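This report refers to the structure that appears directly beneath it.
What you see is a predicted model; the values in this text were computed from it and never measured.
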Amino acid sequence: MKTKKQNLLLVTLLILVLGSCQKKYEVSVTLTEKKNAPSMQSFAHGVSGSDWLLFAGRTNSKDSLNGGLHNLDGDYTLTSFTPPSYNDRIHVYNVEKDESISISIKEMIHTVHTQFPSYSLDTLNKYKSVFKNTNAFVRQDADNLYVIGGFGPKDLDNPTTNYITYNQIAKIHIPSLINVVKGKIDKVNWETLFAFGQNTSLIATGGELHKFNGNFYFATGHNFGNNAPNFQKYVDAVYPFKIGPLVVKKDTIKFAIAASVGAAISDVSNPTIPSADNLSVFRRRDGPIAPAIYRSPVNGEIEPGLAIYAGVFKPGDDSNLQAWNSAIYVHPSWANNDSKIYTFDKAYDQKNYNVYASPNFVVYDADNEVSHTYLLGGIGDGIHAPGNHLSGFTNTGLHIKTKINSYPLKSTNELFSTNLFGDEKTNTAPFYGAEAILFPNSNLMYFKTSTGETTEVIDISSYGAEKSIDVGYIFGGIEAFSSNPGTYGKTKSRASNKIWKVTLKK
């Protein structure tokens, strides 16, 4: 009997020791008292100090809650994405002071042309849709903001018919546009304020734009509207590209840029043909796409990449919409055993949780060579809704673990909270996170590769014994008053101006 007790005690101690070797992380989301930010969703955004530059996207018009979820039964013009819901202002919000200032797009164009006539009215009006679209591809690189694509009316002055996905590329100097909004004209660098261009390979909305290894990566999304084949064509790929000045016959064109697009990263030989939509596992839009790091089996180095989780929609019957619950890992610097620079993790199952674009961040634990991805709210409550509804809005948080040196790469996941955004323990309305943005704190410590490149993955080992890390703020997105609102309005959904503080405890 004594031996059995001793053995039981030994097993118990072993479990405790093994358990103590596994790092535990806790994420909390806390509503702040900041109330003066504009209501916005699917917007373009850049940061300079404590100032947030916010424009494009959709909002609630003055007398109506017509932001929020577009009317799923509408015609995608007047009754779905209503013209008054398109944000017509350029905002600068100071998160420390909780102060906001804005000017209209018309005012901005007048100021820029008047102060610096080299920007012609024809050019500024031609690219006005850069500042008045929804769900464009957006990426900040140093002090510059890149905006590509987006959805909206072809004629912004008569926005009742012919909605399209835009063919546009913009490079915006964030501090200078902030100073235009603030009226500090003497501090504007006019030579670098704007540069515009176009590229027929980068027409899309509902995807993500990342940058690493010296390249931009244009990931998933779709071309939707009257200029798209069959009214819709998915990207079905990730495209690497570079942006530089536009050169015509050896002459550099002022305030113009061009994108040189590389070979598609895809599972189909030609992602541009309509039939690819029925074949490709990259056929995704509006899904969570997170920065990632993977250890290369070729040279043993940890290198940056992307992780694509879930997304919508699988090909099939539109009356039975299905989310993707599998994952794709993009690792452009090395090929796997299948000679692919991506890995399709078909076995991964997101279980219809957090399948839509939502705030996210990634933490790397070097001791276990595991990355931890956190998806915060959005759409996807684990239930497949009937009819043409995908899944309910959700306040759940999903924790995804990836062993970065496993071959083939694979991930597991678990719910870490059933209600991140409320005091209730159950997943109840109102719901937040869909199309919201996580603004990371400027003092976060990120993982650096052996070549010195700073990734977007938080390096937890850099924090030593520090137990609590302020990750940043969640801002904007859709506030839904029921799980499947179906449209916008007082009892359905609206664009949010709430700001939440995100904290990671270990």
Sub-4.5 Å side-chain heavy-atom contact between [X] and [Y]:
X: Leu177; Y: Leu53; answer: yes
X: Val363; Y: Val457; answer: no
X: Lys128; Y: Ile109; answer: yes
X: Leu65; Y: Tyr488; answer: no
X: Pro291; Y: His210; answer: yes
X: Lys340; Y: Ile265; answer: no

Do [X] side-chain atoms and [Y] backbone N/O form a donor-acceptor pair below 3.5 Å?
X: Tyr76; Y: Phe224; result: no
X: Trp324; Y: Arg283; result: yes
X: Thr455; Y: Lys448; result: no
X: Asn133; Y: Val130; result: yes
X: Ser496; Y: Ser39; result: no
X: Gln350; Y: Asn354; result: yes
X: Asn497; Y: Gly476; result: no
X: Glu453; Y: Asn213; result: yes

Is the distance between the ring centroids of [X] and [Y] under 6.0 Å?
X: His91; Y: Phe55; result: no
X: Phe439; Y: His45; result: yes
X: Phe421; Y: Trp500; result: yes
X: Tyr163; Y: Phe231; result: no
X: Tyr446; Y: Tyr364; result: no
X: Phe151; Y: Tyr166; result: no

Between [X] and [Y], does any side-chain donor sit less than 3.5 Å from a side-chain acceptor?
X: Asn167; Y: Asn227; result: no
X: His331; Y: Thr343; result: yes
X: His384; Y: Asn320; result: yes
X: Thr59; Y: Gln41; result: no
X: Ser85; Y: Arg494; result: no
X: Ser391; Y: Asp381; result: yes
X: Tyr348; Y: Asn325; result: no
X: Asn427; Y: Thr396; result: no
X: Thr79; Y: Asp75; result: yes
X: Asn87; Y: Lys132; result: no
X: Asn66; Y: Ser61; result: yes

Original post:
Between Phe43 and Ala56, which heavy-atom pair has the shortest distance, and what is it?
Top reply: CB-O, 3.9 Å

**OP:** Apply the test ring pair (Phe, Tyr, Trp, His ring centres under 6.0 Å) to residues Tyr217 and Tyr239: give CA-CA distance (whole Å), side-chain angles for both, the deciding distance (0.1 Å), then the verdict.
**Re:** CA-CA 6 Å; Tyr217 290 87; Tyr239 285 95; over 10 Å; no

Original post:
Should we count NZ of Lys403 as having more than 12 external heavy atoms under 6.0 Å?
Top reply: yes

Original post:
Would one find more than 12 heavy atoms of other residues, nucleotides or ligands at under 6.0 Å from atom CG of Asn337?
Top reply: no

Subject >> Derivation of the side chain to side chain contact (heavy atoms under 4.5 Å, CB included) call for Phe194 and Lys171 >> reply: CA-CA 6 Å; Phe194 296 141; Lys171 178 184 178 182; over 6 Å; no

Subject >> Candidate list Phe344, Tyr342, Tyr234, test ring-ring contact (aromatic ring centres under 6.0 Å, His included), partner Phe282, passing option >> reply: Tyr342

**OP:** Hey, can you tell me if Phe416 and His399 have their rings parallel, tilted or perpendicular (30° and 60° cut-offs)?
**Re:** perpendicular

Original post:
Where do Asn230 and Asp277 land on the side chain to side chain donor-acceptor pair (under 3.5 Å) test, with the steps shown first?
Top reply: CA-CA 11 Å; Asn230 302 320; Asp277 282 4; over 6 Å; no

**OP:** For a side-chain contact (heavy atoms from CB on, under 4.5 Å) with Phe241, tell me which candidate from Val261, Asn215, Asn199, Ile169 qualifies.
**Re:** Val261

Original post:
Does the distance from a Lys or Arg side-chain N to an Asp or Glu carboxylate O, for Glu369 and Arg295, drop under 4.0 Å?
Top reply: yes

Subject >> Side-chain ion pair, Asp236 and Arg285, N-O less than 4.0 Å >> reply: no

Original post:
Tell me the salt bridge (Lys or Arg N to Asp or Glu O under 4.0 Å) pairs involving residues 201-219, sequence neighbours left out?
Top reply: Asp141-Lys211

